[in-house]
Structure formats: C-alpha cells, structure tokens
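Throughout, a chain's letter reflects where its sequence line sits, starting with A, and its residues are numbered from 1.
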Number of protein chains: 2
Amino acid sequence: MVKKTVSTEEKIIAAAKKVFILKGIDGARMQEIADEAGINKSLLHYYFRSKDKLFDRVFSDSFIPVVKTINLVFEKFQDIDSLVEGFVRHYITMLRENPYIPHFIIHELNRNPDRIVEQIQSSSVNLNRIMEIISKDVEGHKLRPFKPVHVLVNIVALCVFPFVARPIIQGFLLNDSETEFREFIEERTQHIISFVKSAIFINHP
Amino acid sequence: MVKKTVSTEEKIIAAAKKVFILKGIDGARMQEIADEAGINKSLLHYYFRSKDKLFDRVFSDSFIPVVKTINLVFEKFQDIDSLVEGFVRHYITMLRENPYIPHFIIHELNRNPDRIVEQIQSSSVNLNRIMEIISKDVEGHKLRPFKPVHVLVNIVALCVFPFVARPIIQGFLLNDSETEFREFIEERTQHIISFVKSAIFINHP
DNA sequence: AATTGATTTAACCAAACAGTTAAATTTAAT
DNA sequence: ATTAAATTTAACTGTTTGGTTAAATCAATT
C-alpha cells in the first residue's frame, strides 16, 4: 500500500500534463487522461477529486521549473555580461526539455489570469535585481540608454517566442522540417547572446 | 431581406471572434456567442451551420489582416533601414488594435497545425524578400553577420511577445497596472527599432 | 395584399462528459 | 492468514452542449 502509490500519482501527473498541454483544460477529457496513464476513471478521481484540482497540480508543477531556472541564474551571476549569457543558456536548455510549457502557461494565463497570482507570490522571483544591474551599467555608459524593462522583456521574448510560434516558424520559414527547427534552436542560443550584446553594449566588436 | 443581412452576419462574426478569443474553441459556447451577438441560437445556426464552420470563418478573418500588414510593408520599403522601421511600426499598430489575435492564432495553431496550411498557401507571404535584403547587406558589411532567419524571427518576437505574455509582464513587471502596460507598449515601437538597429548595424551611433 | 426571407420562440434530441457509487478483486504489509 | 489500501468493473446520475425542428412573427419587396 505504499510502493506503487507514488508511481501511480506520477503516472497520472505525467499523463495529465501531456493531455492538458495538448488539448488545453477545456479540450482535455478525464477519460483520456486515465487512458494515457493506463488506469481507469474511478482511480483517477480517487487520486484527484476533480479536473480542476488535477489541473492546479499540473500547472504549478509546470510553473516551478521556470521560476527555478530564473532564480538559479540570478543568484549565480552578477555582471551583465555573464548574466545575459547564463540566462539565455539556462532558459533555452529548459525550453528544449519542456518545449510546450510556454504555450501552456500563456494560454491558461490568458484564460484565467487570477490563477497565477498565488504562484507569483509563493515563488517570488527577484526580477528587480537584473533591472538594477542594467540601470547601473547604463549610468556607467557601458550600455546604451535602454529602459531595463524592455531589455529584460526582449531577452525573454527572443528565447521563448520560437517555442510558442513553432508551427508558424517551422511551416513558413523552415520548409516544414522538424530537423531544420532543431538546428534552428541549436544555433539560436549563441545567436541571441550575440544579438543582445550587440544591441546593448556601446563598445562591441 | 437584404438590408440587415450583412449587418447580422457581421454581428455574429464579431461576437464569435470575441468569445473564441476569450475562451478558445473548446471553451466557447454557441449560446454565449448568440447572446453576445444579441440573437438566439437558432439564428446562429441559421447563418453558420456548425461551430466548426463559424470558427473557420473567424480564424481566417483574423489571419488575413496579419498577412496584409506584412505584405504591405514589404512592397513599400526596399532598404533594410526603412524596412525595419516600417515593419515594426505597422506590426505594433496592428497589434494594438487587435491585441488578442496573436494568442488566438498561436493557440489554435498549436492545437490544429494543419488548419493553417490552407491559409498559408492562399495568402502567400513573401518572407524570402526581407531575408534576401538582409543577406545582401551582410555581404556588403553593412550588417553584422547574423543569419537572416534569426533576425526576422527576432523582430517578430520583439513585437508580438508582449501581447501574448501580457498577463505575466503586467503582473510581474508593471505593478499589475493597465496604464503602465499601455505606456510600455507606447514606448516600445521606438525601443524595438533602436534595439534592432543597434544589434544589426555594424556602425551605429 | 401577397410573397419571401429574417428572426424568434420553444421544445426537443442525442451525445459527451464530469463526477459518483458500490461491490469485487488485486496487491502488498503485518 | 488477516488486514487495509490500491485498483478495477460497471452501472448510473445529472448536466451541459451542439444541433434540429417546426410553427409563429416580423420586416421588407413586389
């Protein structure tokens, strides 16, 4: 009565994640999640009383790694140079492992913006830190006079966008080829780093 | 039997657009669309036989202005300088007027990538053109040696991302204030133009 | 005035679906 | 062997929903 408990719960979470991401909360069917997990609907409700409760769990489980990634980088690096590099590298790596998370988060966030509020408060990310670093380097004439908020949004946008717009990019620009998309992402880490540095540094090779 | 026909159809389309964008295709209810349009369900089905057909119509109606915007700019401007400026200006303007279109398109595109294929073919956008222009200027040592595809994706990403990630940006970075978000978008056009030019031009002030 | 299409009313159907229940069966721990 | 939890089976409930139907009313055209 202990051994398989965790395993089944994990199986359910994994299955639910897959289905929720693929179909969204409204498109997802409890039966489909049960099938995907290799169990039946009764057991599914036995573990998670309702669809909503199950979704909440999957959502927070998906949200946490994103926040973790950000905090990790912020604590590790201090100067703008390594901060940009570290941020982009960690972010793209995380996205490559969880390519559907951005769309998932964005979609459910747009549908139910309030749900995120708790998540935000419970996992406080210190975004002000990177903005202060940018501010200082702007004052020190090391960086061009861009507003820190925009620079921050830019970096995230450059990393995340290809993953939420993948069908468009792959279909329009990359001959509808999965291989080309993988290559595209592969070379993108270095590209973003160069692109951002070229943009923000006053003296750049 | 002619006068109000168009008007009612338009009312339905507008209502459907609103509901579909807000709730997604699965979350949308035909009754809600009818209510929103100020008619009843029977009439709704009288105009559009099924939810799917109605959705198809709304989707193509939403997709066309995006493509129109792009083509317009591409035909008008030739050199990279005015192309970047024109593209960003037109794109942000269009997005300000239709802030929910990106999320709508991206969401339904991820859920049903095939649906877009017809749209793509029927509204051929010539993206190669901007890529060729970038290529030439890279060869002419006017631009840094970035791959054109990435530069193109970057520009679109910088414009579009704030609109799909609005709840996050507004909540995390802008004190949850609508006013601040509007200001943010206001100043963003100029920011993106400067940011991109700084990044790509070898000699930039 | 007669016709025709637009719109409403209201009732209805069948399918899908979240969630429940209760009894039976299996599995593992003691 | 007993016990208790995990899991299955299977039938069921209540509701929501997309879609239909048919008759009635309204509005404009002829």
Side-chain angles (χ1 to χ4, degrees), chain A residues 1-62 104 107-108 110-112 114-115, chain B residues 1-62 104 107-108 110-112 114-115:
Chain A
M1 84 239 208
V2 169
K3 193 181 148 198
K4 275 267 177 175
T5 301
V6 183
S7 176
T8 299
E9 191 175 312
E10 280 172 353
K11 261 158 54 188
I12 292 176
I13 299 268
K17 196 169 180 172
K18 190 170 172 182
V19 176
F20 277 135
I21 283 173
L22 227 62
K23 310 281 178 91
I25 188 166
D26 289 308
R29 303 288 154 234
M30 291 300 268
Q31 185 59 59
E32 200 182 341
I33 293 172
D35 291 347
E36 182 72 37
I39 58 165
N40 53 18
K41 213 177 49 168
S42 295
L43 193 61
L44 183 57
H45 280 93
Y46 177 75
Y47 274 86
F48 298 90
R49 281 229 184 80
S50 71
K51 194 182 183 180
D52 248 31
K53 287 205 171 61
L54 175 57
F55 180 82
D56 276 344
R57 173 67 178 277
V58 170
F59 188 79
S60 24
D61 274 23
S62 299
F104 179 58
H107 178 59
E108 302 305 337
N110 274 281
R111 293 223 35 204
N112 191 351
D114 297 329
R115 213 190 281 256
Chain B
M1 81 231 207
V2 168
K3 194 180 145 198
K4 276 270 178 172
T5 301
V6 185
S7 175
T8 299
E9 191 175 312
E10 281 172 351
K11 260 158 54 187
I12 293 175
I13 300 268
K17 196 169 180 169
K18 191 170 171 182
V19 176
F20 277 135
I21 283 172
L22 228 60
K23 310 280 179 89
I25 187 168
D26 289 309
R29 302 288 154 233
M30 292 299 267
Q31 186 60 59
E32 199 182 344
I33 293 172
D35 291 346
E36 182 72 37
I39 59 166
N40 52 20
K41 213 176 52 167
S42 295
L43 193 62
L44 183 56
H45 280 92
Y46 178 74
Y47 274 85
F48 298 90
R49 280 225 186 83
S50 70
K51 194 184 185 180
D52 247 31
K53 286 207 171 59
L54 175 58
F55 180 82
D56 276 344
R57 173 65 178 277
V58 170
F59 188 79
S60 24
D61 273 24
S62 299
F104 179 58
H107 178 59
E108 302 305 337
N110 274 282
R111 293 223 34 202
N112 191 350
D114 298 327
R115 212 190 280 259

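- The distance from atom CD of B/Glu32 to atom P of D/dT16 is 14 Å, rounded to the nearest whole Å.
- Across the protein-nucleic acid pair, B/Lys41 atom NZ and C/dT8 atom P stand 14 Å apart, rounded to whole Å.
- The nearest whole Å value for the distance from the CD1 atom in B/Ile39 to the P atom in D/dT25 is 21 Å.
- In this entry the distance linking CZ of A/Arg49 with P of C/dT21 reads 11 Å, nearest Å.
- No side-chain donor-acceptor contact under 3.5 Å links B/Lys18 to the backbone of B/Ile33.
- Computed from coordinates, the B/His45 NE2 to D/dG19 P distance equals 4 Å when rounded to whole Å.
- Within the 6.0 Å centre-distance limit, the rings of A/Phe20 and A/Phe55 are counted as a close aromatic pair.
- Atom-to-atom distance recorded for A/Ser42:OG and A/Met30:CE is 11.0 Å, nearest 0.5 angstrom.
- Look at CG on A/Leu44: it is 11 Å from P on D/dT8, rounded to the nearest Å.
- For the pair B/Thr8 and C/dT7, the criterion of a side-chain N or O lying under 4.0 Å from OP1 or OP2 is met.
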Working for salt bridge (Lys or Arg N to Asp or Glu O under 4.0 Å), residues A/Lys23 and A/Glu32: CA-CA 11 Å; A/Lys23 310 281 178 91; A/Glu32 200 182 341; 3.1 Å; yes
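- Here A/Ala34 lies out of heavy-atom contact (under 4.0 Å) with every strand.
- Remark on DNA chain C: of its neighbouring residues A/Met30 and A/Ser42, the 5'-side contact belongs to A/Met30, judged by nearest-heavy-atom nucleotide.
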Its dot-bracket string being built from Watson-Crick and G-U pairs below 3.5 Å, with | for another strand and [ ] for crossing, DNA chain C has the pattern ||||||||||||||||||||||||||||||
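- When each of D/dT8, D/dA6, C/dT8 is scored by its nearest atom to the side-chain atoms of A/Tyr46, the top-ranked nucleotide is D/dA6.
- Atom CZ in A/Arg29 sits roughly 17 Å away from atom P in C/dA15 (whole-Å rounding).
- One can place CG of A/Leu43 at 18 Å from P of C/dT25, the figure rounded to the nearest angstrom.
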Given the rule in the side-chain contact (heavy atoms from CB on, under 4.5 Å) test, do B/Phe104 and B/Val58 qualify, once you have shown the distances and angles that lead to the verdict? CA-CA 11 Å; B/Phe104 179 58; B/Val58 170; 4.2 Å; yes
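- To the nearest 0.5 Å, the span separating NZ on A/Lys51 from CD1 on A/Ile25 amounts to 6.0 Å.
- OP1 and OP2 of D/dT7 both lie 4.0 Å or more from every side-chain N or O belonging to A/Asn40.
- Distance alone, capped at 3.5 Å, places no donor-acceptor pair between the A/Lys17 side chain and the A/Ile12 backbone.
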